[in-house]
Peer 1: 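Shown below is the structure under consideration.
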Amino acid sequence: MNDDNKKPGEAPDGVVLTEEQKRSRRSRSIAIAVVLAALCVLFYVVTIVKLGPAVLVRPL
Amino acid sequence: MSDVASREYDLTPTEPRAPGTPSYASVADYVALLKPRVMSLVIFTALVGIVRAPGEVHPVIAFTALLCIAIGAGASGALNMWWDADIDAVMTRTRRRPIPAGRVTPGEALAFGITLAVGSVLVLGLLVNALSAALLAFTIFFYAVIYTMWLKRWTPQNIVIGGAAGAFPPMVGWAAASGGIGLESVLLFLIIFFWTPPHFWALALYKSGDYARAGVPMLPVVAGPSETRRQILLYTLLLVPLAMSPFFLGMAGLGYGLVSGISGALMLLLAVQVYRRREGAPAEVAARRLFGFSILYLFLLFAVLLIEAIAPAGFGL
(Lines give C-alpha, C1' and ligand atoms only; values in the text may rest on other atoms or scores of the structure.)
Protein backbone atom coordinates (compact mmCIF):
# COMPACT_ATOMS: atom_id res chain seq x y z
CA MET A 1 0.00 0.00 0.00
CA ASN A 2 1.25 3.47 -0.86
CA ASP A 3 2.15 5.64 2.17
CA ASP A 4 0.25 8.58 0.57
CA ASN A 5 -3.07 6.72 1.08
CA LYS A 6 -2.50 6.15 4.80
CA LYS A 7 -4.46 7.86 7.53
CA PRO A 8 -2.61 10.34 9.81
CA GLY A 9 -0.73 8.51 12.58
CA GLU A 10 -0.77 5.16 10.76
CA ALA A 11 2.66 3.51 10.51
CA PRO A 12 4.16 3.58 6.99
CA ASP A 13 4.99 0.48 4.94
CA GLY A 14 8.55 -0.63 4.32
CA VAL A 15 11.77 0.32 6.01
CA VAL A 16 11.71 3.51 8.05
CA LEU A 17 15.05 5.25 8.31
CA THR A 18 16.25 6.68 11.60
CA GLU A 19 17.38 10.31 11.67
CA GLU A 20 21.00 9.14 11.80
CA GLN A 21 20.48 6.98 8.72
CA LYS A 22 18.87 9.90 6.90
CA ARG A 23 21.85 12.12 7.78
CA SER A 24 24.28 9.45 6.57
CA ARG A 25 22.37 9.00 3.33
CA ARG A 26 22.33 12.76 2.73
CA SER A 27 26.08 13.09 3.34
CA ARG A 28 26.76 10.16 0.98
CA SER A 29 24.54 11.72 -1.69
CA ILE A 30 26.33 15.07 -1.39
CA ALA A 31 29.71 13.31 -1.66
CA ILE A 32 28.61 11.51 -4.83
CA ALA A 33 27.40 14.81 -6.31
CA VAL A 34 30.71 16.52 -5.49
CA VAL A 35 32.70 13.65 -7.05
CA LEU A 36 30.58 13.72 -10.22
CA ALA A 37 30.96 17.50 -10.54
CA ALA A 38 34.72 17.21 -10.01
CA LEU A 39 34.91 14.54 -12.73
CA CYS A 40 33.02 16.81 -15.14
CA VAL A 41 35.53 19.61 -14.48
CA LEU A 42 38.46 17.20 -14.84
CA PHE A 43 37.25 15.81 -18.18
CA TYR A 44 36.59 19.33 -19.48
CA VAL A 45 40.04 20.64 -18.48
CA VAL A 46 41.88 17.55 -19.78
CA THR A 47 39.99 17.86 -23.09
CA ILE A 48 41.13 21.48 -23.46
CA VAL A 49 44.70 20.52 -22.51
CA LYS A 50 44.82 17.61 -24.97
CA LEU A 51 43.21 19.45 -27.86
CA GLY A 52 44.99 22.72 -27.11
CA PRO A 53 43.62 26.27 -27.05
CA ALA A 54 43.38 26.26 -30.87
CA VAL A 55 40.24 24.14 -30.60
CA LEU A 56 38.39 27.36 -29.79
CA VAL A 57 39.73 29.12 -32.91
CA ARG A 58 37.85 27.90 -35.97
CA PRO A 59 36.10 29.49 -38.94
CA LEU A 60 32.42 30.11 -38.36
CA MET B 1 2.18 -4.53 6.73
CA SER B 2 4.51 -6.62 8.87
CA ASP B 3 6.23 -5.52 12.06
CA VAL B 4 9.56 -6.42 10.56
CA ALA B 5 9.01 -4.26 7.51
CA SER B 6 8.14 -1.14 9.42
CA ARG B 7 10.54 -1.31 12.33
CA GLU B 8 13.44 1.06 12.59
CA TYR B 9 16.76 -0.72 12.31
CA ASP B 10 18.98 0.14 15.21
CA LEU B 11 22.13 -1.93 14.95
CA THR B 12 24.96 -1.09 17.23
CA PRO B 13 28.07 -0.03 15.31
CA THR B 14 30.06 -3.04 16.50
CA GLU B 15 27.82 -5.70 14.90
CA PRO B 16 28.10 -6.75 11.25
CA ARG B 17 25.21 -5.29 9.27
CA ALA B 18 23.00 -7.68 7.34
CA PRO B 19 22.75 -7.07 3.59
CA GLY B 20 19.63 -5.13 2.62
CA THR B 21 19.29 -3.24 5.89
CA PRO B 22 19.63 0.55 5.85
CA SER B 23 23.14 1.92 6.08
CA TYR B 24 24.68 4.07 8.79
CA ALA B 25 27.85 4.41 6.71
CA SER B 26 29.20 7.93 6.58
CA VAL B 27 31.46 9.40 3.92
CA ALA B 28 34.33 8.92 6.39
CA ASP B 29 33.66 5.15 6.40
CA TYR B 30 34.06 5.02 2.63
CA VAL B 31 37.21 7.13 2.88
CA ALA B 32 38.51 4.65 5.48
CA LEU B 33 37.93 1.81 2.98
CA LEU B 34 40.49 3.53 0.74
CA LYS B 35 43.24 3.13 3.41
CA PRO B 36 44.20 6.82 3.25
CA ARG B 37 47.55 6.36 5.00
CA VAL B 38 48.68 3.75 2.49
CA MET B 39 47.26 5.96 -0.24
CA SER B 40 49.38 8.93 0.89
CA LEU B 41 52.57 6.84 0.49
CA VAL B 42 51.39 5.67 -2.94
CA ILE B 43 50.71 9.28 -4.02
CA PHE B 44 54.12 10.39 -2.80
CA THR B 45 56.12 7.62 -4.50
CA ALA B 46 54.08 7.93 -7.71
CA LEU B 47 54.72 11.69 -7.72
CA VAL B 48 58.46 10.99 -7.56
CA GLY B 49 58.09 8.63 -10.53
CA ILE B 50 56.24 11.34 -12.48
CA VAL B 51 58.69 14.18 -11.80
CA ARG B 52 61.82 12.07 -12.39
CA ALA B 53 60.62 10.60 -15.66
CA PRO B 54 62.29 12.03 -18.79
CA GLY B 55 60.38 14.46 -20.98
CA GLU B 56 57.73 17.05 -20.30
CA VAL B 57 54.27 16.28 -18.98
CA HIS B 58 51.49 18.86 -18.67
CA PRO B 59 50.66 19.54 -15.00
CA VAL B 60 46.98 18.71 -15.59
CA ILE B 61 47.90 15.35 -17.12
CA ALA B 62 50.32 14.70 -14.25
CA PHE B 63 47.58 15.56 -11.74
CA THR B 64 45.14 13.26 -13.55
CA ALA B 65 47.67 10.41 -13.48
CA LEU B 66 48.32 10.94 -9.78
CA LEU B 67 44.58 11.04 -9.04
CA CYS B 68 43.98 7.78 -10.93
CA ILE B 69 46.92 6.05 -9.22
CA ALA B 70 45.62 7.22 -5.82
CA ILE B 71 42.08 6.02 -6.55
CA GLY B 72 43.44 2.72 -7.90
CA ALA B 73 45.38 2.25 -4.66
CA GLY B 74 42.23 3.09 -2.70
CA ALA B 75 40.28 0.52 -4.71
CA SER B 76 42.88 -2.10 -3.81
CA GLY B 77 42.43 -1.16 -0.15
CA ALA B 78 38.64 -1.51 -0.35
CA LEU B 79 38.92 -4.91 -2.06
CA ASN B 80 41.45 -5.98 0.57
CA MET B 81 39.07 -4.98 3.38
CA TRP B 82 36.21 -6.81 1.66
CA TRP B 83 38.16 -10.08 1.43
CA ASP B 84 39.91 -9.79 4.81
CA ALA B 85 36.93 -8.70 6.93
CA ASP B 86 37.16 -11.94 8.96
CA ILE B 87 40.84 -11.33 9.73
CA ASP B 88 40.26 -7.64 10.48
CA ALA B 89 37.56 -8.53 13.01
CA VAL B 90 39.97 -10.46 15.26
CA MET B 91 43.00 -8.16 15.04
CA THR B 92 43.21 -5.24 17.50
CA ARG B 93 44.81 -3.00 14.87
CA THR B 94 41.97 -3.49 12.36
CA ARG B 95 38.81 -4.41 14.27
CA ARG B 96 37.43 -0.85 14.04
CA ARG B 97 37.52 -0.86 10.23
CA PRO B 98 34.13 -0.16 8.60
CA ILE B 99 33.21 -3.78 7.72
CA PRO B 100 34.02 -5.54 11.04
CA ALA B 101 32.49 -2.56 12.87
CA GLY B 102 29.24 -3.15 10.96
CA ARG B 103 29.00 0.24 9.27
CA VAL B 104 29.60 -1.07 5.74
CA THR B 105 28.57 -4.49 4.40
CA PRO B 106 31.10 -6.63 2.52
CA GLY B 107 28.97 -6.31 -0.62
CA GLU B 108 29.06 -2.51 -0.45
CA ALA B 109 32.85 -2.57 -0.03
CA LEU B 110 33.19 -4.97 -2.98
CA ALA B 111 31.02 -2.80 -5.24
CA PHE B 112 32.88 0.33 -4.12
CA GLY B 113 36.27 -1.29 -4.77
CA ILE B 114 35.40 -2.68 -8.19
CA THR B 115 33.81 0.62 -9.31
CA LEU B 116 36.88 2.61 -8.31
CA ALA B 117 39.30 0.04 -9.77
CA VAL B 118 37.58 -0.04 -13.17
CA GLY B 119 37.04 3.74 -13.15
CA SER B 120 40.64 4.63 -12.26
CA VAL B 121 42.12 2.30 -14.90
CA LEU B 122 39.72 3.50 -17.61
CA VAL B 123 40.30 7.19 -16.88
CA LEU B 124 44.08 6.70 -16.75
CA GLY B 125 43.99 4.85 -20.07
CA LEU B 126 41.73 7.37 -21.79
CA LEU B 127 43.25 10.59 -20.44
CA VAL B 128 46.93 9.67 -19.94
CA ASN B 129 48.26 6.55 -21.70
CA ALA B 130 47.64 2.83 -22.12
CA LEU B 131 50.92 1.59 -20.58
CA SER B 132 50.34 3.34 -17.24
CA ALA B 133 46.71 2.11 -17.22
CA ALA B 134 47.88 -1.47 -17.85
CA LEU B 135 50.45 -1.19 -15.05
CA LEU B 136 47.83 0.24 -12.68
CA ALA B 137 45.40 -2.58 -13.55
CA PHE B 138 48.14 -5.13 -12.89
CA THR B 139 49.00 -3.44 -9.56
CA ILE B 140 45.38 -3.58 -8.40
CA PHE B 141 45.10 -7.21 -9.52
CA PHE B 142 48.39 -8.09 -7.82
CA TYR B 143 47.36 -6.53 -4.49
CA ALA B 144 43.72 -7.64 -4.44
CA VAL B 145 44.07 -11.13 -5.92
CA ILE B 146 47.68 -12.34 -5.78
CA TYR B 147 48.48 -10.86 -2.36
CA THR B 148 45.16 -10.56 -0.53
CA MET B 149 43.30 -13.64 -1.78
CA TRP B 150 46.24 -15.98 -2.29
CA LEU B 151 49.60 -15.19 -0.67
CA LYS B 152 48.48 -13.57 2.59
CA ARG B 153 46.86 -16.68 4.08
CA TRP B 154 49.13 -19.19 2.38
CA THR B 155 52.81 -18.39 2.85
CA PRO B 156 55.11 -16.51 5.23
CA GLN B 157 56.62 -14.98 2.08
CA ASN B 158 53.29 -13.13 1.66
CA ILE B 159 54.62 -9.63 2.21
CA VAL B 160 57.85 -10.32 0.29
CA ILE B 161 56.08 -11.17 -2.96
CA GLY B 162 53.05 -9.02 -2.17
CA GLY B 163 55.38 -6.08 -1.57
CA ALA B 164 55.59 -5.74 -5.34
CA ALA B 165 52.11 -4.21 -5.29
CA GLY B 166 53.30 -1.37 -3.09
CA ALA B 167 56.42 -0.97 -5.22
CA PHE B 168 54.65 -0.43 -8.54
CA PRO B 169 53.29 3.16 -8.04
CA PRO B 170 56.54 4.98 -8.99
CA MET B 171 56.71 2.82 -12.13
CA VAL B 172 53.11 3.67 -12.95
CA GLY B 173 53.88 7.36 -12.41
CA TRP B 174 57.00 7.09 -14.59
CA ALA B 175 55.02 5.35 -17.34
CA ALA B 176 52.27 7.99 -17.12
CA ALA B 177 54.78 10.80 -17.60
CA SER B 178 57.12 9.24 -20.16
CA GLY B 179 55.10 6.48 -21.82
CA GLY B 180 57.86 3.96 -21.04
CA ILE B 181 59.76 2.08 -18.32
CA GLY B 182 63.27 3.29 -17.48
CA LEU B 183 66.09 1.78 -15.43
CA GLU B 184 65.57 4.40 -12.72
CA SER B 185 61.90 3.48 -12.38
CA VAL B 186 62.93 -0.16 -11.95
CA LEU B 187 65.37 0.94 -9.23
CA LEU B 188 62.59 2.86 -7.46
CA PHE B 189 60.48 -0.32 -7.64
CA LEU B 190 63.32 -2.41 -6.19
CA ILE B 191 63.95 0.03 -3.32
CA ILE B 192 60.32 -0.24 -2.14
CA PHE B 193 60.28 -3.99 -2.83
CA PHE B 194 63.30 -4.66 -0.58
CA TRP B 195 62.15 -2.10 2.00
CA THR B 196 58.82 -3.88 2.55
CA PRO B 197 60.03 -7.07 4.36
CA PRO B 198 62.06 -5.36 7.14
CA HIS B 199 59.26 -2.78 7.53
CA PHE B 200 56.41 -5.28 7.92
CA TRP B 201 58.35 -7.95 9.79
CA ALA B 202 59.38 -5.35 12.39
CA LEU B 203 55.65 -4.68 12.91
CA ALA B 204 54.86 -8.41 12.86
CA LEU B 205 57.46 -9.06 15.59
CA TYR B 206 55.48 -7.10 18.17
CA LYS B 207 52.04 -7.91 16.69
CA SER B 208 52.65 -11.63 16.14
CA GLY B 209 49.90 -12.54 18.64
CA ASP B 210 47.38 -10.67 16.50
CA TYR B 211 48.50 -12.44 13.33
CA ALA B 212 48.52 -15.85 15.05
CA ARG B 213 44.97 -15.29 16.33
CA ALA B 214 43.84 -14.32 12.84
CA GLY B 215 45.57 -17.34 11.27
CA VAL B 216 47.81 -15.24 9.05
CA PRO B 217 51.12 -17.08 8.46
CA MET B 218 53.41 -14.12 9.04
CA LEU B 219 57.07 -15.05 9.37
CA PRO B 220 57.27 -14.60 13.20
CA VAL B 221 54.21 -16.86 13.58
CA VAL B 222 55.49 -19.61 11.27
CA ALA B 223 59.30 -19.49 11.56
CA GLY B 224 59.61 -17.76 14.94
CA PRO B 225 61.08 -14.43 16.06
CA SER B 226 64.74 -15.52 15.70
CA GLU B 227 64.43 -16.39 12.03
CA THR B 228 62.42 -13.18 11.47
CA ARG B 229 65.22 -11.12 13.04
CA ARG B 230 67.77 -12.83 10.79
CA GLN B 231 65.64 -12.18 7.69
CA ILE B 232 65.13 -8.53 8.68
CA LEU B 233 68.89 -8.08 8.91
CA LEU B 234 69.52 -9.84 5.58
CA TYR B 235 66.93 -7.77 3.73
CA THR B 236 68.27 -4.56 5.28
CA LEU B 237 71.78 -5.51 4.14
CA LEU B 238 70.40 -5.80 0.61
CA LEU B 239 68.25 -2.69 0.89
CA VAL B 240 70.85 -0.15 2.03
CA PRO B 241 73.29 -0.48 -0.91
CA LEU B 242 70.36 -0.80 -3.30
CA ALA B 243 68.93 2.47 -1.98
CA MET B 244 72.31 4.13 -2.59
CA SER B 245 72.60 2.78 -6.14
CA PRO B 246 70.85 5.74 -7.85
CA PHE B 247 73.75 7.88 -6.60
CA PHE B 248 76.46 5.42 -7.65
CA LEU B 249 74.84 4.97 -11.07
CA GLY B 250 74.77 8.73 -11.59
CA MET B 251 70.98 8.98 -11.54
CA ALA B 252 70.87 11.04 -8.33
CA GLY B 253 73.04 13.80 -6.90
CA LEU B 254 75.36 14.17 -3.94
CA GLY B 255 72.47 15.14 -1.65
CA TYR B 256 70.80 11.81 -2.32
CA GLY B 257 74.10 10.01 -1.83
CA LEU B 258 74.58 11.61 1.60
CA VAL B 259 70.98 11.12 2.76
CA SER B 260 70.76 7.52 1.54
CA GLY B 261 74.15 6.74 3.12
CA ILE B 262 73.44 8.26 6.53
CA SER B 263 69.82 7.09 6.81
CA GLY B 264 70.84 3.68 5.45
CA ALA B 265 73.49 3.37 8.18
CA LEU B 266 70.82 4.20 10.79
CA MET B 267 68.43 1.67 9.27
CA LEU B 268 71.17 -0.96 9.43
CA LEU B 269 72.00 -0.04 13.04
CA LEU B 270 68.34 -0.45 14.04
CA ALA B 271 68.14 -3.79 12.21
CA VAL B 272 71.23 -4.98 14.10
CA GLN B 273 69.58 -3.89 17.37
CA VAL B 274 66.49 -5.91 16.44
CA TYR B 275 68.76 -8.88 15.70
CA ARG B 276 70.63 -8.64 19.01
CA ARG B 277 67.86 -7.66 21.45
CA ARG B 278 65.69 -10.75 21.64
CA GLU B 279 63.99 -10.71 25.02
CA GLY B 280 61.37 -8.62 26.82
CA ALA B 281 60.76 -4.90 26.53
CA PRO B 282 64.11 -4.01 24.82
CA ALA B 283 63.24 -6.44 21.98
CA GLU B 284 59.85 -4.80 21.44
CA VAL B 285 61.32 -1.31 21.65
CA ALA B 286 63.92 -2.23 19.01
CA ALA B 287 61.24 -3.62 16.69
CA ARG B 288 59.03 -0.56 17.16
CA ARG B 289 61.99 1.76 16.48
CA LEU B 290 62.88 -0.07 13.29
CA PHE B 291 59.25 -0.01 12.12
CA GLY B 292 58.94 3.73 12.81
CA PHE B 293 62.30 4.63 11.28
CA SER B 294 61.70 2.51 8.18
CA ILE B 295 58.81 4.82 7.26
CA LEU B 296 61.01 7.89 7.72
CA TYR B 297 63.82 6.20 5.76
CA LEU B 298 61.67 5.57 2.68
CA PHE B 299 60.18 9.04 2.95
CA LEU B 300 63.65 10.64 3.07
CA LEU B 301 64.92 8.70 0.06
CA PHE B 302 61.97 9.69 -2.11
CA ALA B 303 61.81 13.25 -0.74
CA VAL B 304 65.42 13.91 -1.78
CA LEU B 305 64.79 12.40 -5.21
CA LEU B 306 61.76 14.69 -5.51
CA ILE B 307 63.69 17.79 -4.41
CA GLU B 308 66.58 17.03 -6.76
CA ALA B 309 64.16 16.68 -9.68
CA ILE B 310 62.24 19.86 -8.91
CA ALA B 311 65.09 22.17 -7.90
CA PRO B 312 68.42 20.73 -9.06
CA ALA B 313 70.03 24.12 -9.76
CA GLY B 314 69.13 25.61 -6.40
CA PHE B 315 70.79 22.76 -4.54
CA GLY B 316 73.90 22.74 -6.74
CA LEU B 317 73.32 19.07 -7.43
Side-chain angles (χ1 to χ4, degrees), chain A, chain B residues 1-13 17-34 56-68 70-71 74-75 98 101-105 108 111-112 115-116 119-120 122-129 176:
Chain A
M1 184 168 36
N2 193 320
D3 286 352
D4 294 341
N5 299 328
K6 290 208 170 275
K7 293 173 184 171
E10 193 173 349
D13 286 336
V15 173
V16 178
L17 299 181
T18 63
E19 283 307 309
E20 188 186 347
Q21 286 168 336
K22 285 178 184 170
R23 274 196 302 275
S24 299
R25 184 176 63 180
R26 181 170 169 75
S27 67
R28 292 196 301 269
S29 301
I30 291 170
I32 291 169
V34 169
V35 167
L36 286 175
L39 279 176
C40 290
V41 172
L42 180 72
F43 291 148
Y44 177 78
V45 173
V46 171
T47 303
I48 297 297
V49 166
K50 281 197 167 273
L51 295 178
V55 72
L56 299 175
V57 184
R58 56 178 187 168
L60 296 174
Chain B
M1 181 182 69
S2 72
D3 290 343
V4 174
S6 65
R7 77 183 171 93
E8 291 189 350
Y9 289 87
D10 188 23
L11 294 173
T12 59
R17 185 163 63 83
T21 55
S23 176
Y24 281 99
S26 66
V27 175
D29 289 321
Y30 282 93
V31 171
L33 283 177
L34 302 176
E56 291 285 318
V57 58
H58 193 285
V60 171
I61 301 299
F63 170 79
T64 306
L66 209 51
L67 183 70
C68 291
I71 298 300
R103 296 189 302 274
V104 175
T105 63
E108 288 166 348
F112 185 58
T115 304
L116 293 186
S120 60
L122 277 180
V123 172
L124 191 62
L126 288 170
L127 302 188
V128 182
N129 62 46

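Atoms considered below: every heavy atom in the structure, side chains included; atoms not considered: hydrogens, waters and symmetry mates. So that the names make sense, note that chain A is the first sequence line, chain B the second, and so on, each numbered from 1.
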Peer 1: Quick one: closest heavy-atom pair of B:Val27 and A:Ala31, and the distance?
Peer 2: CG2-CB, 3.7 Å

Peer 1: Which atom pair, heavy atoms only, marks the closest approach of A:Arg28 to B:Tyr24?
Peer 2: NH1-C, 4.2 Å

Peer 1: Looking only at non-hydrogen atoms, find the nearest pair between B:Ala25 and A:Ser24 and report the distance.
Peer 2: O-CB, 3.5 Å

Peer 1: Does any backbone or side-chain atom of B:Leu127 lie under 4.5 Å from a heavy atom of chain A? Answer side chain, backbone, both or neither.
Peer 2: both

Peer 1: Does any backbone or side-chain atom of B:Val128 lie under 4.5 Å from a heavy atom of chain A? Answer side chain, backbone, both or neither.
Peer 2: backbone

Peer 1: Is the shortest side-chain heavy-atom distance between A:Val49 and B:Thr64 below 4.5 Å?
Peer 2: no

